[in-house]
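First comes the structure, then the notes that go with it.
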Amino acid sequence: MSSMFTLPSSPPGSPHLELAPITHRIREHIVNMCAGPEGGHVGGSMSLVEILATLYFRVMFVDPRFPGLPERDILLLSKGHGGIGLYATLCEAGFFPERELADYGREGSHFMAHPHPEVPGVEMPSGSLGHGLAIGIGCALAARLEQAPRRTFVVLGDGELQEGSVWEAAAVAASQRLDGLVAIVDRNRLQITGETDEVCNLEPLADRWRAFGWRVHEVDGHDVDELTEVLTAPPDPGTPTVLIAHTVKGKGLPFVEGQPRSHYARLGERQHRQALAALRASVRKARR
Amino acid sequence: MTTPASAPPSSRDVYRDIVTELLPADQRLVCLDSDTGLFNGVDWGTAADRYLNIGIAEHTLMGAAAGLAKQGRVPFVNTMAAFAASRAVEAVKIDIALSNLPVRIAATHSGVSAGHLGPTHHALEDLAAMRALPNMTVVVPADAASADELIRQAMALPGPVYLRLGRGATPDLPAGPPIELGRAQVLREGADITLAACGAYPVLAALEAAELLGRDGIEAGVLHVHTVKPLDTPALAAAASRTGTVVTVEEHWHAGGFGAAVAESLTGLLPVLVHRVAMPDAFVPVSGGQRYLLEQAGITGAAVADRARLALDKA
């Protein structure tokens with residue numbers, strides 16, 4: 001396929017692209033989807049926004065005109081409940097028109113709460129937790145076999161790290177010396193029933209990853225410049241990289257921020273208006 | 001059941017030899033092993049980077065295979081059936097079957113072929129699990145020759161394949177018509193009753209039962225059904241409509257296995273009696289080799305013949 005088309009010389013974005021307008025629109029899309037008939041995973045999608053925007057607009061080589069381009073970098077959203085965050089980002093990156101987001105949650109639509117590959121830009125189905133890192137190993141192995149510079153990014157939820165399969169894959173990835181593999185943990189510290197470390201302790205999280213043979217970076221998951229710097233840094237030869245991205249669940253919506261109840265919500269008309277107003281107010285505040 | 005003078009290779013060995021042969025010749029192929037030791041001593045030559053032993057990690061084995069397949073590779077993965085179809089079944093379902101990826105899952109030690117290793121290593125539920133999955137092709141070779149044919153034919157399939165392989169060598173089947181994936185092989189014609197069998201010793205038991213029944217003047221047809229999904233319903237229906245009665249034989253629990261597949265496929269198509277010989281609904285509590293355990297479970301020529309007579313009300 002690649003030989004038939006002229007490839008873009010750079011990804012849709014660039015390492016210096018201003019992301020604030022984009023992250024704002026992504027958040028608006030998420031809120032709008034949560035006001036749809038089924039509601040959505042608002043908290044874990046809002047916490048992901050800067051991570052996904054940085055990847056799609058500053059870091060990854062992808063071409064929305066050709067979602068299956070062999071040379072593309074791969075993003076696997078292992079925390080499938082961030083699906084609406086991914087849809088919103090893919091939409092902004094140009095994988096499909098904005099009007100399609102309105103189908104989310106409606107009968108007959110491919111836009112389900114958890115991502116399905118029928119949606120352009122979605123690489124693999126996800127939703128059952130603890131699968132993404134193993135698939136990422138396969139993608140990274142394939143790139144290595146081809147001696148291709150492609151990279152594989154796997155976004156994990158922190159609650160998801162309670163699945164043993166994540167650590168099975170973590171050990172294999174390090175043993176296979178997959179430096180083309182980057183895991184990003186959305187460390188928002190909350191799961192459905194409360195704080196991750198109270199439900200099932202994850203700390204010392206950075207040391208755990210180090211013990212499994214990974215290079216670890218701890219970053220502010222809402223700081224796109226910090227994310228960009230780490231995600232564009234050259235790999236440590238023979239070592240996979242993990243970013244523990246500290247985030248806030250429900251980021252941008254003061255009435256659910258940092259609360260477990262942000263996990264899933266259907267926003268009624270009043271809450272929808274309130275949410276959009278809150279997002280716009282935060283933009284105004286940031287401009288001042 | 002007779003034991004030949006020189007032991008044929010096991011279906012597991014056949015699989016190993018095919019992968020060893022094909023990997024250097026086809027750049028798309030990748031072999032992911034899970035510390036089984038099956039490929040110990042193999043010289044991969046220029047394909048060495050495409051053989052990867054990832055360790056005792058069956059979920060990761062399936063997920064990694066899915067990632068490779070997603071990127072255009074055709075992965076072989078191998079582990080014991082008990083782990084491929086139980087421990088890793090969710091990864092097979094979501095990572096491989098849902099995306100219809102061309103992963104070839106070689107599940108060794110199937111049925112009770114792990115013998116004295118015990119119930120943890122027996123796989124008597126794998127057909128139920130694997131044939132329930134959309135997009136999955138389920139293949140059960142019954143001897144070395146059929147393994148060789150079926151594994152090679154399966155290479156052409158665009159989606160995932162579950163290859164149910166044994167542990168040790170099993171006797172060769174008598175010569176029959178050419179083996180064709182998806183088509184039941186007619187090993188013996190018979191107008192009175194149809195014996196449809198799946199797997200090495202079940203097919204041998206069916207053949208032996210047909211001999212025993214023949215002595216009583218009962219003509220039993222024997223179908224070797226090596227492809228459980230998609231099932232050759234036309235062949236089964238044709239045989240069943242001629243004989244009116246089918247006895248299935250398999251090395252699997254009754255629930256959801258080959259006999260269940262046959263019963264499901266024929267129900268509603270034609271009025272036919274389907275009797276099922278399968279492993280009892282119990283974990284195998286004793287030590288023993290594959291043949292011993294099958295004999296204990298009533299998967300023998302004599303037992304199948306008895307069941308056929310009962311089915312024909314000629315007991």
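Below, read A as the first sequence line, B as the second, and so on, with proteins coming before strands; counting in each chain starts at 1.
The choice from A:A143, A:A142, A:C139 that makes the most heavy-atom pairs within less than 4.5 Å of chain B is A:C139.
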> Does the side-chain contact (heavy atoms from CB on, under 4.5 Å) test come out yes or no for B:L101 and A:M124, once each step is laid out?
Replying inline: CA-CA 11 Å; B:L101 294 168; A:M124 290 290 274; 3.9 Å; yes
>> A:L141 vs B:V30, test: side-chain contact (heavy atoms from CB on, under 4.5 Å). Steps then yes/no.
In response: CA-CA 10 Å; A:L141 284 171; B:V30 179; over 6 Å; no
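Taking 4.5 Å as the limit, some side-chain heavy atom of B:L68 sits within range of a side-chain heavy atom of A:L145.
A:L76 does not touch chain B: none of its heavy atoms, backbone or side chain, sits under 4.5 Å away. The contact between B:A57 and chain A is made by backbone and side chain atoms together, counting heavy-atom distances below 4.5 Å. Contacts of B:I94 with chain A are made by both backbone and side-chain atoms, with heavy-atom separations under 4.5 Å.
The environment of A:E203 atom CD is dense: over 12 non-hydrogen atoms of other residues, nucleotides or ligands sit within 6.0 angstrom.
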Distance-only donor-acceptor pairs under 3.5 Å across chain A and chain B:
| unit_1 | atom_1 | unit_2 | atom_2 | d |
| --- | --- | --- | --- | --- |
| A:E123 | O | B:K70 | NZ | 3.0 |
| A:S128 | OG | B:E90 | OE1 | 3.1 |
| A:S128 | OG | B:E90 | OE2 | 2.6 |
| A:H131 | ND1 | B:D95 | OD1 | 2.8 |
| A:H131 | ND1 | B:D95 | OD2 | 3.1 |
| A:H131 | NE2 | B:E90 | OE1 | 2.6 |
| A:A134 | O | B:A64 | N | 3.3 |
| A:E168 | OE2 | B:H59 | N | 3.2 |
| A:E168 | OE2 | B:T60 | N | 2.8 |
| A:E168 | OE2 | B:T60 | OG1 | 2.9 |
| A:A169 | N | B:T60 | OG1 | 3.4 |

